[in-house]
Amino acid sequence: MRRNILWLLLAFTASVMLQSCKENYSVGEKVGNLIEFTKKGVFWDSWEGSLNLTQTGMNTSGAPFYFSFDNDRTDQDSLVQLLYQAQVEGWKVKLKYHEVWGLKNVFQNRGESDYFIDGVEVLDRDFANPLKQAGLKQGHVVDTIWVVVDKQELLNRNKR
């Protein structure tokens with residue numbers, strides 16, 4: 001009798017835990033430049049990457065956004081190629097992603113992170129070349145200013 005109750009309790013706990021797993025725990029978009037994009041893995045190879053986030057066109061100093069491509073999906077080859085080219089060319093991209101929660105990726109068989117890419121949009125192909133955006137072939141000097149700091153003069157002013 002006790003053994004049956006234990007099995008029922010174990011089955012109930014397992015079903016509750018599996019029900020609490022969620023495929024689309026969060027959905028969102030991130031904008032930035034790719035820092036790393038590689039295929040790696042010990043047991044299951046997956047495409048992994050990290051994105052240096054940008055805000056209003058400037059890099060942020062926060063932690064990068066780590067993401068994976070879902071091994072369970074087979075329709076992502078074009079997105080992988082687009083991100084690979086974006087990394088090589090230095091393009092600014094927007095990644096559309098969803099996050100899984102619970103036991104959906106407990107063995108990391110789908111990818112190393114819990115953030116999976118659903119779509120990629122190229123925002124700026126010349127993000128790394130601001131001179132080209134302005135229509136200039138090369139930079140030029142507008143004016144030169146020389147600043148000389150005299151330590152003795154600063155000490156004299158502070159004493160007054």
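Note that the coordinates shown come from a computational prediction; the quantities given were computed from them, not determined experimentally. Basis for what follows: all heavy atoms, side chains included, without hydrogens, waters or symmetry-related copies.
Atom NZ of K92 and atom CG of L51 lie 10.5 Å apart (nearest 0.5 Å). Interatomic distance, CZ of R157 versus CG of D150, reported as 9.5 Å (0.5 Å rounding). Here the CZ atom belonging to F65 is positioned 12.0 Å from the CD1 atom belonging to I35, to the nearest 0.5 angstrom. Here the straight-line distance linking atom CG of L34 with atom CG of L95 works out to 6.5 Å at 0.5 Å rounding. Considering NE2 of H98 and CG of D114, their distance stands at 9.5 Å, rounded to 0.5 Å.
For Y115, the OH atom sits in a loose shell: 12 or fewer heavy atoms of surrounding residues, nucleotides or ligands are nearer than 6.0 Å.
A salt bridge links D118 to R73: at least one charged side-chain nitrogen sits closer than 4.0 Å to a carboxylate oxygen. Note on K40 versus E48: no salt bridge recorded, every NZ/NE/NH1/NH2 to OD/OE distance being 4.0 Å or above.
Remark: of the listed residues F67, F37, F116, F69, F37 is the sole one forming a ring pair (Phe, Tyr, Trp, His ring centres under 6.0 Å) with W47.
No side-chain donor-acceptor contact under 3.5 Å links S68 and S46.
Between S113 and Y66, the closest heavy-atom pair is OG-O, 3.8 Å. In this structure, L82 and V122 approach most closely via the heavy-atom pair CD1-CG2, 3.9 Å.
Side chain of Q76 to backbone of I117: a donor-acceptor contact under 3.5 angstrom is found. For W91 (side chain) and A86 (main-chain N/O), no donor-acceptor pair under 3.5 Å exists by modelled atom type.
In this structure, the side chains of V31 and L53 stay at 4.5 Å or more apart for every pair of heavy atoms. By the 4.5 Å heavy-atom criterion applied to side chains, V93 and L123 are not counted as neighbours.
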K30 and K94: side-chain contact (heavy atoms from CB on, under 4.5 Å), yes or no, with the steps?
-> CA-CA 6 Å; K30 301 276 185 182; K94 181 195 304 186; over 6 Å; no

